[in-house]
Amino acid sequence: MINLLSFNPQQQIVVRRALSALIFCLTFVLIGYFVIALPLPLLNTPESRLIFSLRCQIFPLLMLFAGIVAVGNGRFSSPAINPLANAESEAMRIHLRYLSNTLEQFVLFFAGSLILSTFLDTYSIKLIPILATLFVVGRIAFWIGYLKEPIERAFGLGVTLYPTIAVLIYDAYCVLFLNN
């Protein structure tokens, strides 16, 4: 069992935010899957589910685009217009780190979602837009938390990363043990 008292105050914050993110993710997915009726077209072929999953990637991709815009606008209106001048403000450094982390997270999420869509059926394909929405919520929380106080990015990181980890583990399981 984890003893929070053995951690320093910053570690305690991260552990609390990580646990909150895990609970949030589970609640979000369960409510999205079992309570909210998503009106989806009949996706009765693996190809149609893959296309649907590809189309859902636009929303997570927009989070990456938002980071590019923030960095570009920040550079244009500051001495950091020259990226070699080491003139980035703290906010600019946060935007750059957000952008880098979002690219890393998106690559994993994108590949995991596409692979997952090949194992889902017509009913369970609704997981893809739920997970895409969770990714967006996580990235927004990560960015806002980072700008507020860097240690506060932990919740958003967890909301982005935990579902992706679950998807990748499930994908690996399906590839290894299911004959689909």
Response to the item:
Quick note, ring pair (Phe, Tyr, Trp, His ring centres under 6.0 Å) partners involving residues 59-91, not counting sequence neighbours, are none

Practice prompt. Applying side-chain contact (heavy atoms from CB on, under 4.5 Å), name anything that partners S89, two or more places apart in sequence or on another chain.
Written response: A91, M92

Worksheet entry | Side chain to side chain, Q12 and N8, heavy atoms closer than 4.5 Å | no

Worksheet item: Can you name the nearest heavy-atom pair linking Y162 to A21, along with the distance?
Response: CE1-CB, 4.1 Å

Practice prompt. Would you please name every residue forming a ring-ring contact (aromatic ring centres under 6.0 Å, His included) with Y146, sequence neighbours left out?
Written response: F142

Worksheet item: Roughly how far, to the nearest 0.5 Å, is CG of L61 from CZ of F106?
Response: 4.5 Å

Item to complete: Could you list the residues that satisfy side-chain contact (heavy atoms from CB on, under 4.5 Å) with I115, not counting sequence neighbours?
Response: F119, D171

Discussion item. In the structure I gave you, are the side-chain heavy atoms of R49 and S53 within less than 4.5 Å of one another anywhere?
Written reply: no

Worksheet item: Can I13 be reached from L19 by stepping across I, L, V, M, F, W or Y side chains whose heavy atoms are under 4.5 Å apart?
Response: no

Discussion item. If I take atom CD from residue E104 and atom CG from residue L64, how far apart are they, to the nearest 0.5 angstrom?
Written reply: 11.0 Å

Discussion item. Among residues at least two apart in sequence or on other chains, which ones pass side-chain contact (heavy atoms from CB on, under 4.5 Å) with L50?
Written reply: L114, S117, T118

Fill in: G112 to V167 - nearest heavy-atom pair and separation
O-CG1, 3.3 Å

Discussion item. Could you see if L120 belongs to whatever hydrophobic cluster contains I165? Use Ile, Leu, Val, Met, Phe, Trp, Tyr and a side-chain cutoff under 4.5 Å.
Written reply: no

Worksheet item: Could you give all pairs that pass the ring pair (Phe, Tyr, Trp, His ring centres under 6.0 Å) test and reach residues 78-98, with sequence neighbours left out?
Response: H95-W143, Y98-W143

Item to complete: Spell out, yes or no, whether L127 and L161 are grouped together once hydrophobic residues are joined by side-chain heavy atoms under 4.5 Å, including indirect joins.
Response: no

Fill in: Flag side-chain contact, heavy atom, 4.5 Å: F110 against L54
yes

Item to complete: Among residues two or more places apart or on two chains, list those pairs meeting salt bridge (charged side-chain N to carboxylate O under 4.0 Å, His left out) that have a residue in residues 64-84.
Response: R75-E88

Worksheet entry | Test side chain to side chain contact (heavy atoms under 4.5 Å, CB included) applied to L103 and L99, step by step | CA-CA 6 Å; L103 177 59; L99 181 58; 5.8 Å; no

Worksheet item: Side-chain contact, heavy-atom cut-off 4.5 Å: F7 with V14?
Response: no

Can I get a per-line list of side-chain donor-acceptor pairs under 3.5 Å for residues 24-47, giving both atom names and the distance, sequence neighbours left out?
residue : atom : partner : partner atom : Å
T27     : OG1  : I23     : O            : 2.8
T45     : OG1  : S48     : N            : 3.0
T45     : OG1  : S48     : OG           : 3.0

Item to complete: Could I get the full list of side-chain contact (heavy atoms from CB on, under 4.5 Å) partners for L108, not counting sequence neighbours?
Response: T164, L168

Worksheet entry | Any pair counted as side-chain hydrogen bond (donor to acceptor under 3.5 Å, both in side chains), so long as it reaches residues 149-158, sequence neighbours left out | R17-E152

Discussion item. When you compare the side chain of S113 with that of F135, does any pair of heavy atoms fall below 4.5 Å?
Written reply: no

Worksheet entry | Pairs meeting criterion side-chain hydrogen bond (donor to acceptor under 3.5 Å, both in side chains) with involvement of residues 123-142, two or more places apart | N101-R139, T102-R139, D121-S124, Y123-K126, R139-T160

Item to complete: Treating Ile, Leu, Val, Met, Phe, Trp and Tyr as nodes and any side-chain heavy-atom pair under 4.5 angstrom as an edge, say whether F155 and L22 lie in one connected cluster.
Response: no

Worksheet item: Should L96 and I68 be counted in the same cluster of Ile, Leu, Val, Met, Phe, Trp and Tyr side chains packed under 4.5 Å apart?
Response: yes

Side-chain donor-acceptor pairs of residues 78-86 under 3.5 Å, sequence neighbours excluded:
residue : atom : partner : partner atom : Å
S78     : OG   : G74     : O            : 2.8
S78     : OG   : A80     : N            : 3.1
N82     : OD1  : L84     : N            : 2.9

